[in-house]
Each structure stands twice: as C-alpha cells, then as structure tokens.
Protein chains: 2
Amino acid sequence: MEFRQLEYFVAVVETGSISAASRRVHIAQPALTRQMQLLEEGLGTPLLDRHARGVRLTVAGRMLYSEATRLLDERVDIKARLLALGSGQTGKLSLGVTVTHLWVPEVAKLMRGYRERYPQVALDVFTLLSGPQLEKLQQGGLDAGILYHDDHVPSGIEARLLQRDHLVLAVPASSSWVQSPPRRLVDLAETEFIWGYRSVSPVYYDRMVAHFARLNFEPRVVQYGADNITILSMISAGLGVAIVPAASSSHPTPGVRFIELEELTTCDMPLWLAWRAGEVSPVLDNFIQMAVEMFV
Amino acid sequence: MEFRQLEYFVAVVETGSISAASRRVHIAQPALTRQMQLLEEGLGTPLLDRHARGVRLTVAGRMLYSEATRLLDERVDIKARLLALGSGQTGKLSLGVTVTHLWVPEVAKLMRGYRERYPQVALDVFTLLSGPQLEKLQQGGLDAGILYHDDHVPSGIEARLLQRDHLVLAVPASSSWVQSPPRRLVDLAETEFIWGYRSVSPVYYDRMVAHFARLNFEPRVVQYGADNITILSMISAGLGVAIVPAASSSHPTPGVRFIELEELTTCDMPLWLAWRAGEVSPVLDNFIQMAVEMFV
DNA sequence: AAAATCCATACCAATATGATATGGATAGCA
DNA sequence: TGCTATCCATATCATATTGGTATGGATTTT
C-alpha cells in the first residue's frame, strides 16, 4: 500500500472505472490496472468488482476509500505544517532579556516587530540577568538571550553584537550632585554607593571592576542590590548613588537622575544576542535576522 | 513523502544515525542518505542536522517523526481491518427468514453456528415472508434470504436449494379430524378453511393453488390470515383448519395438531437461500458455505 | 450482428531505487 | 598534534519498479 496507489485508487473510485481514472491521473489504462492489482495483492483482499461498465467497490474497498482520502488529506496537511515549521512561521522561541533592556527602544521594537511578522510563533520572554541567561541557554531552557558579555563567548554558544552600552552615574533627584555634577570619579570617593552582586552578571561585574581598578577608584559601598530595578528604587529612596548601565536612562525612573561621566562612558559594555551554537532553528534564525536588521 | 521514506526516517531517528539505520533496514548507507535527501526535498524542509557522530532532529523533523510513526501504525491497522473485512471475519449481514423457518432446527443451528464462528459479524435477522424478502433483496435492503421459491429465480438473484418442504393439514386439537384423520382432500370438501394472501408469498401460494387445481380440490375458505403464525393461532382458537408448510410442525403449537396427507406430501415446496447475483461479499460467502454444509 | 466500452495480458521503455567504491569532515585517543 | 574510527556525501553502475503500446476477450448498446 503506497501513497501513489491510494491516489490511483481514489481516482478509480471517484470516476467509477479504471479507464476514466487513467485519464484523470494521466497514465495508461493497463498501468493503472496493474497498480490496482498490486494494491489488492499487497493488502491481501479484493477492493474492486470488475464489470463491463466499470468497477464497483467491495465492502473492503469502501472502507479503504474513506481511509485513503483521509490519509492523502493528512499527507498534504503534514507537508504544510512542516513547511510552516521549516520556514519559522510557526513554532516556539524562548527568549531571555535583562530587565534593563526591556526598556531599550530597539529591544522593544524588535519584539513587537517579530510578533507582528510571525504571529504564529509563541514568543516566550523571560526576564533574567546575563548570568542566569547563559546558564539556561546552555541547559536548553532558553533559545536565545539578550545579555552583556565580552568577546569570549563560552564554547557551545554563538553570539552577535547588538549594541555597545556604557555606564552612567545614577543619583537621587534630591542629591546635591544634580546641581553640581562631579567631574571625575575621585570626586565621589566619600559618597555612599549601592553595589550589585557578581553572580547575577559576572561578566558585567568583572568588566566594571576591572575598569575601576585601572582608574584606581574604589567606591564606598554601603548597600547591595540584586538587580538594576532594585538598585534604582534604592537610589530613588535616597539610600545612595550607583553606577548603572546607560540603557537604564532609556526608561526614566522617578526620583533618579542620570549623570554622564567621561570615565564611565569609556567603560565598554557590549550587549549581545546569544544562542546555542549549531542549533539554529528556523524560528531562531528569523529572530536573529530581524535583530541584526533592527540594530543596524 | 512515501511510506518507504517514512519507514527509513523513523529508523534513522530511532537509531540516531543514517549508518546505523541503514543496517537496520538492510539497505546500503548511501541509498539511505539519498532517500533522506529526497524526503527533505519533497517536503521542502530540512529534517536532520548532520553531525560527525550521527544526525539530530530539527524541529520539523521532530514533528514528522511523531506523524510518521502514527501513519505507519495506521497503515498496518488498515491492512488488518481490510483483511478481516475481505475474509468475512468482520462486517454486516442482513438476513431475511420466514417466521415459520426460524423454528426449523437446521435454520436455528445455522444461525447459532454462524454467530459462533464469526462473532465479529453483525448478523441482522429480519422475519419476512418470501415475497417481501425477494423485494428487499433486489432493493439491497437484505443481503440474503431464506424463502420459498420455484426453480425460476428472478434475474439478478442467485439461490441455492436448502430443503424440500411439503404441506400438512393443521387442525384444532379439539377437532374430530384428530381422532379420525381424513384420507384424501375430498374428505375435507365441507370443512371450513383458513387461507393465506397471495401477495406475501406469491410463489408458495401459486404452487399450492396449482397443486390443488391438479387434484381438483377447492377448499371452502371462511377466513384469511396474514402469515403462518396468525393462521396457526386461528386454528388453535377453533376458527377452522388450514394447509401449512410441514416446517410448522417443527415447533409444536398448543391447540393445534398436524396431519400428514399423501396428497399434501407430494406438493413440493423448495426452500432456498437467495442473494443478489454477482455481489457476494466475503461475509455472505461464508454464510452461504456454512448453510450448504449444514443442509448437506 | 456490429460497434463501442471496459478490463486484462504481453512486452518494451523509462524511471526510481539500491549497491559499491570513494572522499571529506569530525570526534576521540594516543 | 597527528592518527584512527566513524559518519555522511557523491559518483557510478545494476536492478527493480513503474508506465507505455499493442492487442485480445467479455459485455452492453445500437
């Protein structure tokens, strides 16, 4: 029982004769006769009663006809679904983003644009900091992530540079620094700092610390915060100042002012789109392409 | 997308490599490689990621794998069901029987035997007299019928002789004929007869009437009855005597006595198994064969 | 009785499928 | 860092399957 034979058989049933069917499927009548014989032989049961005016179905033939049409319909349906999957029109994409970068206009635009262009794809977004994102990527929990990293992405991970971010000083709106901004980091030697944990974004942390080491600056840390939102809230509450990604300023936070300092602008913080190497599904491929276009 | 390719694909998925699968399906590795290429080409989407250690499924491949196993399972299932249908193990058989002959031991034994041997066949029994049975047979409402007929079965109907029945006289148990049975039909010239309608069993009626015409016997009919059961009930009620098929006596009826008369025994009433010509389904074929065996 | 259909068979051509030989790539190992 | 084993891909040839042409037998229609 082959698909071709089923197609022929359906044509025979629907035209009522082997001759008529042979015209419909564009093969010669003896060839079709032979295929019907092979089909019956392969199934071990007669399907057609041959008469001088054409053929009629046996009971078995009647059953096969309904099954055959169903199987053939399913075949085209499966093909269509495979095509949709293969071209990335349908599927699932788990994306990690740092909280901070959900605010960045280009990231929001990318997500809106992708969902508009590929409405059938389930785009699941997880807000995670860079460290957990990398972990989940490697474990397969995420398909892609938007995260900070240096040029040395771990083996098994591929990445594409989206943006070069840098750092800014964030101070309470009530702070005197708003009126008379500091010129250099040393001006902040006595100021109380809020600081982050290394574990949630090791690369970000290490790059920042290395940068300050080069500048011989060591902040007076009085408070720690788990993530950028927490830290900004603390600043707003007047608990201290902090050094945060410049991307934070895309999303104005009440009670917080951002101050650019030359020594912070030179701290390069590359933002990457990362994914597991060698496992680029069509859905992911489309996403990467759209990201590349959106970030020039 | 052909069944063969799906089988190969499933083997590739389950062994994890084209080489291993080629061993499992007993073809050479390059042939299998080519079939996988053809499958992907035909579906328009990649299914396998080729690596040095084997292959891995793409998202589309994962979908196809589940569909493929299902389709292949369905294929064997369909074949099995077709075989059952084609061999008459499953299906439906609408059988007509005259009320009288449900009582005949051989008929009951045939039906019990058939249902025991082919428990998966739905055997629908309709109790109809010979005339309606023939009509329903021709219209397709019945697949087979057990009925009286002469040798000239209508065109389009095939039949096989089961039994030669004859006639008997049925009288009320209270009748004086029980004590002193009649020798000849003429003895019954003055007796009140219950008679049947021609329409419900024309051949039976005509043969009987022709037989009596030859004997120059004309009964004094005082009452008509639609079928044999009705007539026997009327006899039991003392409404008259009747001439009925000898088969009736297989099933003793309270208040009725059966009397054999030589002139009635010689009235040949052949009982046939009849069906539509040229449309012998396997189920029907089995039934006919069993009937033939049972009636020697 | 002749013509028109329809299915089956016989035989040949075209196409599809599979086998063998071989090469390139990669992971594992010394 | 080579070496080896493994795996997939390609090229070429053989074989099997499928389809075409010619023809015949059976049956219905005219």
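Lettering of chains follows the sequences in order, A, B, ..., and the numbering in each one begins at 1.
Among C:dG18, C:dT26, C:dC7, the nucleotide with an atom closest to any side-chain atom of B:Arg4 is C:dG18. Of the candidate nucleotides C:dC6, C:dA19, C:dA27, C:dC6 has the atom nearest to the side chain of A:Arg23. Listed nucleotides C:dA19, D:dT18, D:dC8 differ in distance to A:Gln35; the shortest reach to its side chain belongs to D:dT18. Ranking D:dT21, C:dG18, D:dT10 by closeness to the B:Pro30 side chain, first place goes to D:dT10. For A:Arg50, whose side chain is taken as the heavy atoms from C-beta onward, the closest listed nucleotide among D:dT21, D:dC8, C:dA8 is C:dA8. Taking every side-chain heavy atom of B:Arg53 into account, C:dG28 is the closest of C:dA8, C:dG28, D:dA9. Out of D:dT28, C:dC7, C:dT17, the shortest distance to the side chain of B:Leu38 is found at C:dT17. If you check D:dG19, D:dT27, D:dA9 against the side chain of B:Gln29, the one that comes closest is D:dA9.
Between B:Ser19 and D:dC8, a side-chain N or O to OP1/OP2 separation shorter than 4.0 Å is present. An OP1 or OP2 oxygen of C:dA8 is reached within less than 4.0 angstrom by a side-chain nitrogen or oxygen of A:Thr33. Look at B:Gln37 and you'll find a side-chain N or O under 4.0 angstrom from OP1 or OP2 of D:dT10.
Relative ring orientation between B:His101 and B:Tyr148 is described as perpendicular, the plane-to-plane angle rising above 60° on a 0-90° scale split at 30° and 60°.
Looking at heavy-atom distances under 4.0 Å, B:Arg56 makes no contact with the nucleic acid at all. Nucleic acid contact for B:Arg34: none, since no nucleic acid atom lies under 4.0 Å from a heavy atom of the residue.
Side-chain N/O atoms of A:Thr33 and A:Gln37 include no donor and acceptor closer than 3.5 Å.
With respect to B:Arg56 and B:Asp49, no salt bridge is recorded, no charged nitrogen being found less than 4.0 Å from a carboxylate O.
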